[in-house]
Protein chains: 2
Amino acid sequence: MQEAVQNILKKNQLSITGSRVRILELFLEQQGALAHGDIERRTGEKFDRVTVYRTLQVFLNKGIIHSIPTSDNSVLYALCKDDCGEGHHHDNHVHFVCDKCGNTLCLEDVTVPAIRLPKGYKFSQIQVIVNGRCKDCNRD
Amino acid sequence: MQEAVQNILKKNQLSITGSRVRILELFLEQQGALAHGDIERRTGEKFDRVTVYRTLQVFLNKGIIHSIPTSDNSVLYALCKDDCGEGHHHDNHVHFVCDKCGNTLCLEDVTVPAIRLPKGYKFSQIQVIVNGRCKDCNRD
DNA sequence: ACACAGATGCAACTTTGTTGCAAAATAATT
DNA sequence: AATTATTTTGCAACAAAGTTGCATCTGTGT
Ligand SMILES: [Mn+2]
Ligand SMILES: [Mn+2]
Ligand SMILES: [Zn+2]
Ligand SMILES: [Zn+2]
């Protein structure tokens, strides 16, 4: 774990600092997506709010995490497992928001389908957000 | 227009008030989606910010408008053209955000495709947001 | 015209996000 | 290991976005 975290930071030419290590750990421990608020809480407010914002911004730029739009318009972030880099995101998967437990998951194996757009439209990116009941919340 | 506005309000058993009429007019004049801020500006700040929030909330509940999640996490609203009602939204279309002009459009004719979810997952709603260049911004 | 329910505006507040700058921590150099 | 240069951090102050309670006003049905 420590290992993995350090590798990610080095690969992206980022200095190894407390907040970066801790926040990356959170993402690695967790399979779901995290909101800014989650991160503040789980770090026990050890880091300034501004630092968390800036750290997330850096991770986003470097392609370490990607952001996920949700229907209730909260900003969520999740690790990029595909090989994203500086300015180059290609997370081509569907996002699932569980209405019961509230978890948001990257369904890495479910790729976004092709969309037939009207004449004249050109797409650059397609996001699919599925709401429903997740695997865990469905067995009862 | 006046006609249409009054009909929508009556059909939903809402009293006909200045803010409701004006805000509905804005939606009818406009083919794209509106953010809270847009509405404040276009009404010339004639109505209190709180009133705008509450009006949008009421329209949302009644199924007169629906909200649209965007990748930059601003809240957008657009008229429901399908027959949505109290608690029953079934806007089954794709949303398009133009990266150039910033407009967000309901592509009423483009329905969201079926998504094959992993075993155990059940969906209740699927949202598709497409980014790119709109028809107007593409001819040059 | 009147009474009542509901809508509005105001004030006060919370939450969320941004910016400039000095102090502290990290990385590079000697 | 010590010194320097470069980043990163925390603080303070601020701005924007959204919420709540309450008194007043407006629209609607009688
Ligand atoms: Mn994802
Ligand atoms: Mn729509
Ligand atoms: Zn769940
Ligand atoms: Zn456009």
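Note: hydrogens, waters and symmetry copies are ignored here, and every other heavy atom, side chains too, is used. Order of the sequence lines sets the chain letters (A, B, ...), proteins ahead of strands, with each chain counted from 1.
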Provide, to the nearest angstrom, the distance between the [atom1] atom belonging to [X] and the [atom2] atom belonging to [N].
X	N	atom1	atom2	value
A:Gln6	C:dT26	CD	P	12 Å
B:Ile39	D:dG18	CD1	C1'	14 Å
B:Lys10	C:dG6	NZ	C1'	18 Å
A:Arg20	C:dA24	CZ	P	19 Å
A:Ile16	C:dA27	CD1	C1'	10 Å
B:Ile23	C:dA7	CD1	P	13 Å
A:Leu9	D:dT8	CG	P	11 Å

Note to self: With a 4.0 Å cutoff (strictly under), does any side-chain N or O of A:Ser15 reach OP1 or OP2 of D:dT8?
What the structure shows: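 Affirmative; the distance criterion is met.
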Notebook entry, point to check: At under 4.0 Å, does any side-chain N or O of B:Thr17 touch on OP1 or OP2 of C:dG6?
Noted result: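 For C:dG6, neither OP1 nor OP2 has a side-chain N or O of B:Thr17 closer than 4.0 Å.
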Note to self: As an exercise, state the distance from CG of A:Asp99 to NZ of B:Lys122, rounded to the nearest 0.5 Å.
What the structure shows: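 Here the rounded value is 13.5 Å.
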Next item on the list: Kindly assign one of parallel, tilted or perpendicular to the pair A:Tyr53 and A:His36, based on the angle between their ring planes and the thresholds 30° and 60°.
Entry: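 Plane angle under 30°, so parallel.
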Next item on the list: Classify the angle between the aromatic ring planes of A:Tyr121 and B:Phe96 as parallel (below 30°), tilted (30 to 60°) or perpendicular (above 60°).
Entry: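 Geometry flag for B:Phe96 against A:Tyr121: perpendicular rings.
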Note to self: Within residues 48-59 of chain B, which residues have any heavy atom lying less than 4.0 Å from an atom of DNA chain D?
What the structure shows: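 Residues of residues 48-59 of chain B under 4.0 Å from DNA chain D: B:Arg49, B:Val50, B:Tyr53, B:Arg54.
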Next item on the list: Kindly give the heavy-atom pair with the smallest separation between A:Leu14 and A:Arg20, and that separation in Å.
Entry: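 Closest heavy-atom pair between A:Leu14 and A:Arg20: CB-NH1, 3.8 Å.
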Check: Is B:Arg133 reaching over with its side chain to a backbone N or O of B:Lys100, donor-acceptor style, under 3.5 angstrom?
Finding: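 Side chain of B:Arg133 to backbone of B:Lys100, a donor-acceptor pair under 3.5 Å: no, none is there.
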